[in-house]
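First listed ligand is number 1; within each ligand, the first listed atom is number 1. Fair warning: this is a prediction, and the values are worked out from it, not measured in the lab.
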Amino acid sequence: MATEESSTKATIPPPADPEFKTEPETKIETPKVKEEPVDASETNKITAPEKPAADQLDGAGEVPGNGNPLAETELKVEVQLADLQADPDNPLYSATSFEELNLTDELLKGIHQMNFRKPSKIQEKALPLLLINPPQNMIAQSQSGTGKTAAFSLNILSRVDISNPAPQALVLAPSRELARQILGVISHMGQFIEGLKTMAAVPDPSRRNQKLDAHILVGTPGTVMDQIRRRFIDPKHIQVLVLDEADNMLDQGGLGEQCTRVKSLLTGKFQTVLFSATFPDHVVAFAQKFAPNANVITLAHEELTIEGIKQLCIDCPGEAGKYDVLMKFYGLMSQASSIIFVRKKSTAEELEARMTRDGHKVAQLSGNLEGEARDRVIDAFRSGEAKVLITTNVLARGIDVQSVTMVINFDVPTMANGRDPDPETYLHRIGRTGRFGRVGVALTLIHDKRSWEQLHDIANYYKTDVDPLPANDWDTIEDTITKVIKNSRAGKSTAEMAT
Ligand SMILES: Nc1ncnc2c1ncn2[C@@H]1O[C@H](COP(=O)(O)OP(=O)(O)OP(=O)(O)O)[C@@H](O)[C@H]1O
């Protein structure tokens, strides 16, 4: 894509071309939640940082304060977080404390152990509604990395009756990795609840024909469906059903069917809870059918992007030229942790082989890998042992590794037809960085008119800027990316930051 015309066009223009809007805005219902007035004196308070709990660091190890510009210190994150949580326009803002949310002492202890000081907006809004008795269904949307997992986990943990050994809460997630991660959060948060048992319901040959008798189960829909049918999961006492990444779970032919089946196998009375960062219009009706009469918390498209994620693109000299561009980024990528997203499993494997041949250290995870091998790869990435992860959309959603500072879209995310852009997947992919107030860079490689148009459509859908990098000026590129990461306000334009 080196023609004059296309390189001018590669400047993904700022949004707001009203002609461009292809779909009506997502509006399920206005939130039925009242906003509390802000007490600035309380919210501006910056408390001295404590050592982050294991979950906060998410296995990424201590962030080295060694002058590496891509490795932020936790101190800076904490200070920035205090600012963000005091800003009513920020998704991390809240006017209340966890103490005011009617949680048990055991749960408050768990939350403090995880180093959560204040709830985020979604936690503050969703929890009171989730905890109402008799229980009400909920459909809730909030930006990536804003703490949805804790919101639904605290509800579950508040509702479980430890004296009853039967499964009482079931969480369904689209990938094995996400199910394991959610289980980790629930177990960590519930660590002070004596006698609490939690279990994963994901394919595991070592536990074949074994009853899943824990209070809380987290799994993938196919396995859960299978285990209920084979009577390894007793569905009679389930009182909460959560679908994380609910739009994905209800949309995809296979997953949607499996989730519906699981729901139909639950015989008692239960609360249905659907969470996601995205609820595209075409799944809203189904979501409302799946969770009837739900309380709804929703956001418009334009509110979905995260300020801390700096979105960039680079114009590559054709499809074949993308690899060389990627290689030029490798040094920057491997200083912290990065994820490279590709469209096809075969591309993931080819890229891994080529990068390894060229002497780079990378890990790769796609649906072609089997269960335990997948666990090893994701665990190595979480621990920081592997710094660069090549993956497909299988890990686009939900995965929370706080040390990820760069996401690279090697391929622009598209629908199954390969032609139409996929804004939801784009948002979830880039949301693997910039978690809970952190900053990150999301770089998309474009290489021809079509890929430029796809990215342009995505940028317009969210009314967001994707700034082009100067493809031939690597000093400026390095400088720009380093500044973005160093700058606690990554939402500013590249030009602003360069000054
Ligand atoms: N109140 C809080 N205070 C501090 N950190 C928090 C708080 N709530 C959640 N976190 C942390 O924020 C990170 C992101 O949370 P989580 O994974 O639940 O986001 P999410 O909204 O589910 O994102 P996604 O849409 O990508 O799935 C996690 O590392 C979590 O530990």
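- With ligand atoms numbered from 1 in the order given, ligand 1 contributes 1 (N) to contacts under 4.0 Å with heavy atoms of F98.
- A donor and an acceptor atom, one from each side chain of Y426 and Q311, are located under 3.5 Å apart.
- The option from N115, L178, T149 that lies nearest to atom 18 (O) of ligand 1, judged by heavy atoms, is T149.
- At a 4.0 Å cut-off, not a single heavy atom of R397 sits close enough to ligand 1 to count as contact.
- Atoms of ligand 1 lying under 4.0 Å from any heavy atom of E245, numbered from 1 in the order shown and given with element: 27 (O).
- The backbone and the side chain of K148 each have at least one atom closer than 4.0 Å to an atom of ligand 1 (non-hydrogen atoms only).
- Set against the non-hydrogen atoms of Q143, the atoms of ligand 1 under 4.0 Å away are 21 (O).
- Heavy atoms of F152 found under 4.0 angstrom from ligand 1: none, in either backbone or side chain.
- When G437, G145, S153, A151 are checked for heavy-atom proximity to atom 24 (P) of ligand 1, G145 turns out nearest.
- In terms of N/O distances under 3.5 Å, ligand 1 is not approached by S142.
- Under 3.5 Å, the side chains of Q271 and N155 contain a donor-acceptor pair of N or O atoms.
- Among the atoms of H428, none of the N or O lies under 3.5 angstrom from an N or O of ligand 1.
- Judged purely by atom type and a 3.5 angstrom limit, H215 uses its side chain to pair as donor or acceptor with the backbone of I162.
- At least one N or O atom of G147 sits closer than 3.5 Å to an N or O atom of ligand 1.
- Considering backbone and side-chain atoms alike, S144 places every N or O at 3.5 Å or more from each N or O of ligand 1.
- Set against the non-hydrogen atoms of K118, the atoms of ligand 1 under 4.0 Å away are 1 (N), 2 (C), 3 (N).
- Residue contacts with ligand 1, taken as heavy atom pairs separated by less than 4.0 Å, do not involve M114 at all.
- Considering backbone and side-chain atoms together, Q123 places an N or O closer than 3.5 Å to an N or O of ligand 1.
- At least one side-chain heavy atom of E424 sits under 4.5 Å from a side-chain heavy atom of D422.
- Applying the 4.0 Å criterion to heavy atoms of R432 picks out, from ligand 1, the atoms 26 (O).
- Close approach to T146 involves these atoms of ligand 1, each under 4.0 Å from a residue heavy atom: 19 (O), 20 (P), 21 (O).
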